[in-house]
Amino acid sequence: MTRVNPDYSADLLSAIWKVDSQQQTALLQLASGKRVNQPSDDPAAASEMVQSLAVSADTDQYRQNISSVTSLLNTADSALSSVVTEVNQAITLGTEAATSTVSAAQREQLAQSVQGVLNNVLQLANTSFHGSYIFAGTAADTPPFVPVPATATSPASINYVGNAGPTAVNSVEVAAGNSVPINIPGSDLFQSSSGDILGSLQNIVTALQNNSPTDVGTATTALTSALQYLSARREFYGSTVSQLSSTDSYLQQEQVTLTSDQTNLVGIDVAQASMNVSQAQLAENSALAAAGKVLQTSLLSYLPPT
Amino acid sequence: MPGLTTSLWIASQALMVQQAAVNATSNNIANVNTPGYSREVVVLSEAAPSQDGGLTYGNGVNLDQFESVRDQVLNLRIQDATQQQAGAQAQLTALQQVQVTFSDATQGIGAGISGFLNSLSSLSQDPADTALRQGVLTAAGTLANSFHQAAAQLSGAQTSANLQVTQTVNQVNSLATQIAQLNAQIASVTPAGSDPGALGDQKAALVKQLSGLIGVTEIQNAQGDTLVTAQGSPLVVGNESYALSTQTGSGGMQQVVDSQGANITASITGGTLGGLIQARDQIIGGSNGLSAQLNSLAGDLATAFNSQNSQGFDLTPQTGGGYSPGGNIFVPPTGSNDAANFAVDPSLTTDGIAASADSTASGNNGNLASLIAIGDQKQATSGLTPTDTYANLVYQVGTAASQAQAEVTAGDASLQQLNDMQSTESGVSIDEETTNLMRYQQAYQAAARVVTTVDSMTQTLLSMGVTT
């Protein structure tokens, strides 16, 4: 005769605990919105999440960098725009002063006007942004252009005390593996051998003070070509801002994709989570009802009283 | 020829035997909910018959013994399953504690590493900015805190397991003593080869408890009962018990030593003790454990950042012109507890971040690019980038915990099934006992009836030849 396990209360309890545990898991997922609340829930997903969040953080940083660098570049471009306006004015004055119809006295006055332009351009060349001089290369803690007054033996001039060369240009990372230069050293913009704006302006002033129209003409021509050179170099700022804008659009899209990926990795659909909870509750109620129905009736219930 | 006296004697024997059977039934019913109780059955046999001339006649019933129905092989399987389950449970508990720090990926070391690297990136667009430099120091501090938290969590779990090792060894010794005492009692009270009854149940319960604590093998031989650990160290031999002891080993970890002085720590498998030791010495501790990996991550990071910072130039002016090379960003690692000790160098100021690659240009950010690039370089120990090293650590913790959980679940199911089988074999069934009660009561009534009848017949015999 095969004996049957007379005590199934342990099995019933175990079944109830199991659905209880499933219900708790479903509730936690619903409350947290996450399928993976600890690494053991899905070790691979938890691990990938760490890496994905790192990429997200980097993407956020790149966008911040773009924003800051764009401000810097716009500031520089705006300063150069003002320089162009000033220099054009000087070219007009110089062209006029080179003609023979202008008197010495007028040239004297024009010298002062052009000196005014030179002072303004000097100020613009020494523009600072957040405390750093943006045309100083990377020696950015002091104004890069220092005027040197005329002496008995030499005329007035302007010294560039910033730096130049490869270490004078900073680059900033704006996307993974993608760095952009963010400055042009002032010597390249205002005192280059391809175009010396400050030198030419100084020469016009000196020539006007010396009442030498020929020299004025020469210096004005040099100034005109220096302005062309500056304008060409100035392109860098506008085109970089434009490039950064499209990089930012791409990064914004990246952020959306990453967020979506992360939700897929560890998140749970609210609808799914709610359904899980309902199913678990149903299972629990069924288990409890079944346990309740299965009473430990024994033979004793059916025997007549002795 | 059997006479009335014989019949009377047989009936009176029967009364006693049925009474004894009711006793067994009563005992079973009383113990229906007693854990580990094996139901008793009365073993009855026919008494040896007598011969008289050509006649053979019976002599009634004998009560041979009260037998506890238990399956020793099943008991051994239950001990085995208990060992495995308890070991997995101990590991799971330790790993659940460890998991907590690694659970929120938006915080913790991964986020700390990102935060620090990104603070350097932020600085790169304006290297002289003091506020941005302070941001780097703050991010460095946050990274250090994340290492401390993780190290503290691992260390806490290890310490907890270590404490429990001592407590568990004490429990093992206590149980071994009790089992030895029971062995002595069983030997003195029960004749050899017969069933030890209730004492046997008690002993089985204690051995099962012991199995939950430490992996043991039970051997029964002529000398009695022997319990040994997996390595062969004796715990109980007959009525003698042999105590384990603990000694403080390297790093403050308790080592388990057997009664002969041998260190058996590494060979203990199974049971809570086995699980604790594995969690403590191999999963968390040990040369490839989580703590070691965390320390390597911390040490390699500190070394890499310090080295690169010293190749750049900070904002501290140097005599003779220019700026001086950078110093340490983080306290240099010592090779011991590098995660718990990971800290921003106390002498580091905002000026000390060596952003520049040019000793004459304080606004240059060339060295920052190299510092940031450390995030993409393979670490010396792990061969992975810092973030990937940490992600791998998270994976290991998750996998270990998930495996332990699976073992516990499987162990639970297995134990339940074995317990069901044991209950089928040895459990008290009220229905069965009720039926038996009725049988024994009827038999008692019938035997009593025999007594009454024989008595009446004797009276008839005695009153023969007496005229009234």
Side-chain angles (χ1 to χ4, degrees), chain A residues 2-8 10-11 14 36-54 56-58 60-62 64-65 68-69 72 129-133 136-141 163 166-173 179 182 262 266 296 298-300 303 306, chain B residues 32 95-96 99-100 102-103 105-106 108 110-111 113-115 117-118 121-122 124-129 356-358 360-366 369 372 387-388 390-392 394-402 404-405 412 416 419-421 423-425 427-432 434-435 438:
Chain A
T2 317
R3 208 160 175 273
V4 167
N5 183 6
D7 176 24
Y8 38 79
D11 287 347
S14 169
V36 180
N37 287 297
Q38 53 190 1
S40 59
D41 291 341
D42 187 343
S47 174
E48 267 188 66
M49 187 65 175
V50 167
Q51 292 162 322
S52 183
L53 283 172
S56 282
D58 286 353
D60 287 347
Q61 185 59 47
Y62 294 142
Q64 270 182 50
N65 287 354
S68 303
V69 168
L72 171 66
F129 180 69
H130 289 169
S132 292
Y133 292 94
T138 55
D141 45 353
N163 62 354
T167 61
V169 176
N170 275 344
S171 290
V172 170
E173 203 175 7
S179 292
I182 63 171
Q262 284 157 15
V266 302
Q296 284 270 24
S298 70
L299 190 51
L300 288 166
L303 291 174
T306 39
Chain B
V32 67
L95 285 165
Q96 299 279 39
Q99 276 213 105
V100 171
F102 297 93
S103 285
T106 61
I113 292 173
S114 279
L117 290 169
N118 285 335
S121 182
S122 199
S124 71
Q125 48 88 24
D126 192 356
D129 187 304
S356 176
D358 183 336
T360 61
S362 64
N364 176 277
N365 71 359
I372 295 165
T387 302
D388 285 352
Y390 177 68
N392 186 25
V394 168
Y395 180 75
Q396 286 179 46
V397 170
T399 309
S402 151
Q405 179 65 69
D412 279 345
Q416 196 179 327
N419 283 334
D420 283 351
M421 283 165 72
S423 185
T424 304
E425 182 74 19
V428 172
S429 162
I430 299 283
D431 293 344
E432 191 181 30
T434 311
T435 313
M438 282 161 43

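Note that these values count all heavy atoms, side chains included, but never hydrogens, waters or copies made by symmetry. Naming: A, B, ... by sequence-line order, numbering from 1 per chain.
For the pair V4(A)/T424(B), no side-chain contact is recorded, criterion being any heavy-atom separation below 4.5 Å from C-beta on. Residues Q396(B) and P39(A) have side chains not in contact (no heavy-atom distance under 4.5 Å, counting atoms from C-beta outward).
Neither the backbone nor the side chain of V100(B) has a heavy atom closer than 4.5 Å to any heavy atom of chain A. Using a 4.5 Å cut-off between heavy atoms, A128(B) touches chain A through its side chain atoms alone. Contacts between M421(B) and chain A at a heavy-atom distance below 4.5 Å are absent for every atom of the residue. Only the side chain of I372(B) comes within less than 4.5 Å of a heavy atom in chain A; its backbone stays farther off. With a threshold of 4.5 angstrom between heavy atoms, T106(B) approaches chain A through its backbone and through its side chain. Contacts between S56(A) and chain B at a heavy-atom distance below 4.5 Å are absent for every atom of the residue. Proximity to chain B is limited to the backbone of N37(A), based on heavy atoms less than 4.5 angstrom apart.
In this structure, the side chain of N170(A) engages the main chain of N365(B) through a donor-acceptor pair within 3.5 Å. For the pair D358(B) (side chain) and T167(A) (backbone), a donor-acceptor distance under 3.5 Å is absent.
For the atom pair Q125(B) CD and S132(A) OG, the distance stands at 10.0 Å (nearest 0.5 Å). Taking CG of N118(B) as the reference point, atom CG of D58(A) lies at 5.0 Å (rounded to 0.5 Å). For the atom pair Q51(A) CD and N392(B) CG, the distance stands at 9.0 Å (nearest 0.5 Å). Put simply, CG on D60(A) and OG on S121(B) are 11.5 Å apart, with the number rounded to the nearest 0.5 Å. With values rounded to the nearest 0.5 angstrom, Q38(A) atom CD is found 10.0 Å from S402(B) atom OG. The distance from the CD atom of Q61(A) to the CG atom of L117(B) is 10.0 Å, given to the nearest 0.5 Å.
Side-chain atoms of Q99(B) and S40(A) include a donor-acceptor pair closer than 3.5 Å.
Between chain B and the options S179(A), A10(A), S14(A), heavy-atom pairs under 4.5 Å are most frequent for S14(A). Of the listed residues (S124(B), P127(B), A357(B), G110(B)), the greatest number of heavy-atom pairs within a distance under 4.5 Å of chain A belongs to S124(B). With respect to chain A, the highest number of heavy-atom pairs below 4.5 Å among G427(B), G108(B), G363(B), S429(B) belongs to G363(B). Between chain A and the options A404(B), S362(B), G366(B), the largest number of non-hydrogen pairs under 4.5 Å is found for S362(B). Note: A57(A) leads A136(A), G137(A), A57(A) in heavy-atom pairs under 4.5 Å with chain B.
Shortest non-hydrogen contact noted between Y395(B) and S47(A) is CB-CB, 3.8 Å. Closest non-hydrogen pair, D420(B) versus N5(A), comes out as OD1-ND2, 3.5 Å. Minimum interatomic distance between D126(B) and F129(A) (heavy atoms only, all atoms of both residues): OD2-O, 4.5 Å. Across every non-hydrogen atom of A139(A) and A361(B), the tightest pair is N-CB, 4.4 Å. Scanning all heavy atoms of the two residues, the minimum distance from S423(B) to D7(A) falls at OG-CB, 4.0 Å. Minimum heavy-atom separation, L303(A) to T434(B): CD1-CG2, 3.4 Å.
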